[in-house]
Amino acid sequence: MKQTIDALILQAVETLNISGVLELNTLPMITIERCRDPQHGDFATNVALILAKPAKTNPRQLAEKILAALPAHKSIIKVELAGPGFINFFINPDAQYAVIPKIHELGRGFGLSRVGAGKKVQVEFVSANPTGPLHVGHGRGAAYGSVVADLLQAVGFEVHREYYVNDAGRQMDILATSVWLRYLEECGEVLPFPSNAYRGDYVREIAGDIHKASGDNYRRPIATVLENLPADEPQGGDKELYIDALIDRAKTLLGSLYRDVFQTGLKTILQDIEADLSEFGVNYQLWFSEQQLMDDGSVEKALNRLREGGYLYEQDGATWFASSQLGDEKDRVVIRENGQYTYFASDIAYHHHKLERGFDQIIDIWGADHHGYIPRVRAAIRALGADDSKLTVLLVQFASLYRGDEKVSMSTRSGEFVTLRQLRNEVGKDAARFFYAIRRSEQHLDFDLKLATSKTNENPVFYVQYAHARVCSVLRQLDEKGLARNAQLGMENLTSLIEEHEVALLSTLSRYPEALEKAALQYEPHQLIHYLRDLAHEFHTYYNAHQFLVDDAPLRDARLNLVCAVKQVLANGLGLLAISIPETM
RNA sequence: GCGCCCGUAGCUCAGCUGGAUAGAGCGCAGCCCUCCGGAGGCUGAGGUCAGAGGUUCGAAUCCGCUCGGGCGCACCA
């Protein structure tokens, strides 16, 4: 409908152009939008308001001329001039009814589109370090990222979901060392636990598993472990130096066995993360290993590419990327003085890899604390000879946890954090996903556990699910009365749906594809949620105002067709959010 | 200090590529079918859209400034 109106307006403007009333070379962006107030009709356009200035006339006069030049169309029963120069369109109700057979015909496919035209999009999200279980902060990125990916797929993009596994950095060495130290404790050794090590219970569990499986294989005398170490922080030393010294000690004492401990820790945690996300309705096409980039020469290759472009230089014993030439605020180290690659170096390689795989668009979803990282990645992409407009970075603000008024402090290192799994167990997958996606991603999210865990039906997800369950209940009632819906008869009598609530529902149903497309293209899942709440609300209102199971069979079937269409759209929307679609509650 | 995000009803937030009277949920005060599920619906109170300017037919929306909150400014990841 929107496209139809757009075409009509274009035609009218061209007519005026030719007849010399208007003289325009280009048509500026005009908007056609749905009216909030039914008195204003169904759609409104601001063409006249926008064009008044270039046409050197006042909006209302111009609107009248456009009105006069507007071709007639069978679906439009009335067009009128309103307010400062809006043109309002009133749609023929018969055209509105068409949405019901359309929904019945397309079913789950209703709302899907091809605007993405099969373009290949890669979406990378979560990518939390595999140094511990996911916590509630990661949960937001997971919910947001997976819905964005699903939305893009729904509107015709070919979507590739990816988790970048940071399995190569120093943090992983800290984890491996933490596991080993806990293992030594399992063996009966007594030692001071480093202030900078990972102290969560999961570390002990991994250590316990290793001890069970391998006995004292990895045990070393505690005196040699602690011999000549620098002081840890509580003793007035530097916690970073201390943990680094311990990592070296672990590698030295364990030799090739160090790798076992490292791999066991990594594998265990990664499996946990994968299962956790899967249970949360989040799945990937690929888990991409950072270590692989190191091993197969990708990092070297990417850096060589930068070197060939003249973007690398040596200084103070390190190798620098001249990112400041490409919009970054300063240059960045890619190879440290000690010869090791920085995290950024492998990330350059990763993005190089993404580009080489031929994606039309690359979407990185990061925590908002990484925003300062964006310019250097863009610089890298340009230095690699690619167009950095291929990269879209979406930032997700942190979710703060509260128990009532009290903020829950979270730190992976300290072990005091609420995991995503705990959250799911407490509030359920549906509520968790809904809560996470209900806000704009750039908005800080206060997640009150007390509120979310209280089973007092305050949760908005129930509201939408209940609308669906209610339709199902109506259909059960129909069955219990020994009646059946005659869809055919209902379709033939759609014109008997003339109540205000029914007309409003028709309009809202036909809006679904637009809402979905907008939510997808703007990467804003919350728009879909708001749409679903609106639809559910209109349904509940209708339900309270009118009886569906009336004696008049043609009217009854028409209403049931409408209500089934609502059910279908609710199911489609909830399905996209990976929220369950209950038939009873 | 510099950069990014944010400031809308008592609370939590929509609305932001400028458009008609700024919306919703929760909370609060009332009310609703002997009839399809009351996890619902209806009505009401509640707003200087942080502040003061600018752009224009029109600003919560765009621009610069001030104030307030969050985050980031590593040879960490």
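In what follows, chains carry the letters A, B, and so on, assigned in the order in which the sequence lines appear, proteins first and then strands, with residues in each chain numbered from 1. Note that this is a predicted model, so its numbers are computed, not measured.
Between B/G37 and A/Thr584, no contact under 4.0 Å exists linking OP1 or OP2 to a side-chain N or O. One finds a side-chain N or O of A/His537 lying less than 4.0 angstrom from the OP1 or OP2 phosphate oxygen of B/C42. The side chain of A/Arg439 contributes an N or O atom lying less than 4.0 Å from OP1 or OP2 of B/C13. Within the 4.0 Å cut-off from OP1 or OP2 of B/G38, at least one side-chain nitrogen or oxygen of A/Tyr543 is found. For A/His526 and B/G15, the shortest distance from a side-chain N or O to OP1 or OP2 is below 4.0 Å.
Spacing between B/A20 and B/C49 at atom P, rounded to whole Å, works out to 16 Å. With C1' as the reference atom, B/G40 and B/U56 are 46 Å apart, rounded to whole Å. When the C1' atom is compared between B/U55 and B/A14, the two are found 27 Å apart, to the nearest whole Å. Comparing the P positions of B/G44 and B/U61 gives a spacing of 28 Å, expressed to the nearest Å. Separation of the C1' atoms belonging to B/A24 and B/G46 is 14 Å when rounded to the nearest angstrom. Nucleotides B/C65 and B/A22 have their C1' atoms positioned 25 Å apart, rounded to a whole Å. Between the P atoms of B/C16 and B/A50, the separation comes to 15 Å (whole Å). Using P as the reference atom, B/U43 and B/G23 are 14 Å apart when rounded to the nearest Å.
Going from atom CD1 of A/Ile335 over to atom C1' of B/A74 covers 17 Å, rounded to whole Å. Note: OH (A/Tyr523) to C1' (B/U17) measures 15 Å, nearest angstrom. Distance CD (A/Gln465) to C1' (B/G40): 15 Å, rounded to an integer number of Å. In this structure, A/Asp316 places its CG atom 15 Å from P of B/A74, rounding to the nearest Å. If you take CG of A/Leu49 and P of B/A59, they are 13 Å apart, rounded to a whole angstrom. When the C1' atom of B/C75 is taken as reference, atom CD of A/Glu314 falls 13 Å away, rounded to whole Å. Rounded to whole Å, the distance from CZ on A/Arg332 to P on B/A77 is 14 Å. Protein atom CD1 of A/Ile438 is 15 Å distant from nucleotide atom P of B/U12, rounded to whole Å.
In this structure, A/Glu329 reaches the sugar-phosphate backbone alone: every heavy-atom distance under 4.0 Å involves primed, P, OP1 or OP2 atoms, never a base. Heavy atoms of A/Thr319 sit nowhere under 4.0 angstrom from any nucleic acid atom. A/Glu442 comes within contact range of the sugar-phosphate backbone alone, with a heavy-atom separation under 4.0 Å but no base atom that close. Contacts of A/His530 with the nucleic acid, taken as non-hydrogen atoms under 4.0 Å apart, involve only primed sugar atoms and P, OP1 or OP2. Residue contacts for A/His540: at a heavy-atom cut-off of 4.0 Å it reaches the sugar-phosphate backbone alone, with no base atom in range. A/Glu337 comes within 4.0 angstrom of a nucleotide base, judged by non-hydrogen atoms across all strands. Residue contacts for A/Ala44: at a heavy-atom cut-off of 4.0 Å it reaches a base atom on one of the strands shown. If you check every strand for non-hydrogen atoms under 4.0 Å, A/His546 touches a base. Residue-level contact check: A/Ser473 touches the bases, meaning some heavy atom is under 4.0 Å from a base atom. Within 4.0 Å of A/Asn88, counting heavy atoms only, lies at least one base atom of the nucleic acid. Here A/Ala82 lies in heavy-atom contact (under 4.0 Å) with a base. Residue contacts shown for A/Lys481 are absent, as no nucleic acid heavy atom lies under 4.0 Å away.
Of the nucleotides present, B/C73 is the one that pairs with B/G1 by Watson-Crick or G-U wobble criteria, both distances under 3.5 Å. Summarising the base pairing, B/G46 is matched to no nucleotide, lacking a Watson-Crick or G-U wobble pair whose two defining distances lie under 3.5 Å. Nucleotide B/U34 has no partner under the Watson-Crick or G-U criteria, as no pair reaches both atom distances under 3.5 Å. Within the shown strands, B/G54 is the pairing partner of B/C62 under the Watson-Crick or G-U definition, both distances less than 3.5 Å. B/G7 is paired with B/C67 under the criterion used here, namely a Watson-Crick or G-U wobble arrangement in which both key atom distances are under 3.5 Å.
Aromatic stacking is not marked for A/His370 over B/G72, as the cut-offs of 5.5 Å for the centres and 30° for the planes do not both hold.
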Distances under 3.5 Å between nitrogen or oxygen atoms of protein and nucleotides 7-10 of chain B:
none

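In this structure, CD1 in A/Ile32 is found 8.5 Å from CZ in A/Phe43, a value given to the nearest 0.5 Å.
Residue pairs meeting the salt bridge (Lys or Arg N to Asp or Glu O under 4.0 Å) criterion with at least one partner in residues 317-334 of chain A, sequence neighbours excluded, are A/Asp328-A/Arg332.
Ion pairing between a basic and an acidic side chain is recognised when a charged N comes within 4.0 Å of a carboxylate O; A/Glu514 and A/Arg34 show such pairing. A salt bridge does not link A/Arg376 to A/Asp347: none of the charged side-chain nitrogens sits closer than 4.0 Å to a carboxylate oxygen. Of the charged side-chain nitrogens involved, none lies within less than 4.0 Å of a carboxylate oxygen, so that A/Lys518 and A/Glu524 do not count as a salt-bridged pair.
Evaluation of atom-type donor-acceptor distances gives no pair under 3.5 Å for the side chain of A/Asp369 against the base of B/G72.
Ranked by how close their nearest RNA chain B nucleotide is to the 5' end, A/Phe86 and A/Tyr463 are led by A/Phe86.
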